[in-house]
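One structure below.
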Amino acid sequence: HMSKGSDYSGIKIKAGEHNTITDVLDVLPSLPTMGDGFAKCFYKCPYLKSVPEGLFDNNADQITTLESAFSYITTGPLSVPGNLYKGMSKLTSISHLYDHSVPGSDIPDGWFEGNTVLTDVSYCFSNATLDKCGDNTFKDCTALSNIHEAFSSASINSIGNATFKNCTAITPVNSYFGTFSRIKCNSLGNETFANCTQLTSARDIFFYINIKRIGERTFANCVNIND
């Protein structure tokens, strides 16, 4: 367990690989000098099963990246509170956030919706295993430019509607190459990339996929798609 009695020093949080932690009991204290220091904070904590509501609340307005924060939690399932990322007005990167992890909770609707400073979600759910990713996960993230392999090789029962709708900053080509490559998914919702006006290739997004149902209007108003 990790509680208020534990060593909450910035060095320990930044180190990651706390491979004996099973539950985080208390929210993290205010660490105002660690804007980028929460990257990998629970990286390779294979037995981690729960974190509390408000885990990051005391630092929400300072955190700039959560890269690999919950990656390689391989035994799972990890219970993730629905409001875990609220108030993160400076968060620009969640690259590899759940890479090779087993989030036990459904990803709620609108988890990062409307975050206008978020730029990088590459490999965010790559190789992750979960049941449901809700609607509007990254909708209206108007600065989002890198979705490279965001869901590659994941195993997800269903992904909701409008995952990247109105993400007008996604630009060709490497930034979105393989977004859903090698994924296993029963259902991908409607309007996944609607109004992503700078996309030029559908082929680069979907290859070697195993998606049983792809919803309607996937590329609605993507006026530059040429394949």
Please list all pairs passing the salt bridge (Lys or Arg N to Asp or Glu O under 4.0 Å) test where one or both residues lie in residues 153-165, with sequence neighbours left out. Lys165-Glu191
With sequence neighbours excluded, residues passing side chain to side chain donor-acceptor pair (under 3.5 Å) with Ser50: Asp23
According to side chain to side chain contact (heavy atoms under 4.5 Å, CB included), who are the partners of Glu216, at least two apart in sequence or on a separate chain? Asn190
Holding to side chain to side chain contact (heavy atoms under 4.5 Å, CB included), I want the full list of residues that pass it with Ser71, two or more places apart in sequence or in another chain. Tyr43, Ser68, Asp99
Can you sort out the partners of Asn221 under side chain to side chain donor-acceptor pair (under 3.5 Å), two or more places apart, ordered by chain and number? Asn195
Going by side chain to side chain contact (heavy atoms under 4.5 Å, CB included), name the residues that satisfy it together with Ala220, two or more places apart in sequence or in a different chain. Ala194, Arg217
Sequence neighbours excluded - side chain to side chain donor-acceptor pair (under 3.5 Å) pairs with any residue from residues 84-94: Tyr85-Tyr98
How are the rings of Phe125 and Phe151 set relative to one another: parallel (under 30°), tilted (30 to 60°) or perpendicular (over 60°)? parallel
The criterion is salt bridge (charged side-chain N to carboxylate O under 4.0 Å, His left out); which residues satisfy it with Arg213, sequence neighbours excluded? none
How about Ser95 and Ser122: does a side-chain donor come under 3.5 Å of a side-chain acceptor? yes
Angle between ring planes, Tyr123 versus His148, binned at 30° and 60°: parallel, tilted or perpendicular? perpendicular
Residues two or more places apart in sequence or in another chain: which of them pass side chain to side chain donor-acceptor pair (under 3.5 Å) with Thr65? none
Taking a hydrophobic cluster as the set of Ile, Leu, Val, Met, Phe, Trp and Tyr residues connected by side-chain heavy atoms closer than 4.5 Å, whether directly or through intermediates, do Ile183 and Ile214 fall within one such cluster? yes
Residues forming a side chain to side chain donor-acceptor pair (under 3.5 Å) with Ser126, sequence neighbours excluded: Ser152
We want to know whether Asn224 and Gln198 form a side-chain donor-acceptor pair, criterion being a heavy-atom distance below 3.5 angstrom. no
Please list every donor-acceptor pair under 3.5 Å in which a side-chain atom of residues 129-137 meets a protein atom from a residue at least two apart or in another chain.
from	atom 1	to	atom 2	distance (Å)
Asp131	OD1	Asn157	ND2	3.4
Asp135	OD1	Asn161	N	2.7
Thr137	OG1	Gly134	O	3.3

What is the ring orientation for Phe206 with Phe219, classed by angle as parallel under 30°, tilted 30 to 60°, or perpendicular over 60°? perpendicular
Can you name the side chain to side chain contact (heavy atoms under 4.5 Å, CB included) partners of Ala60, sequence neighbours left out? Met88
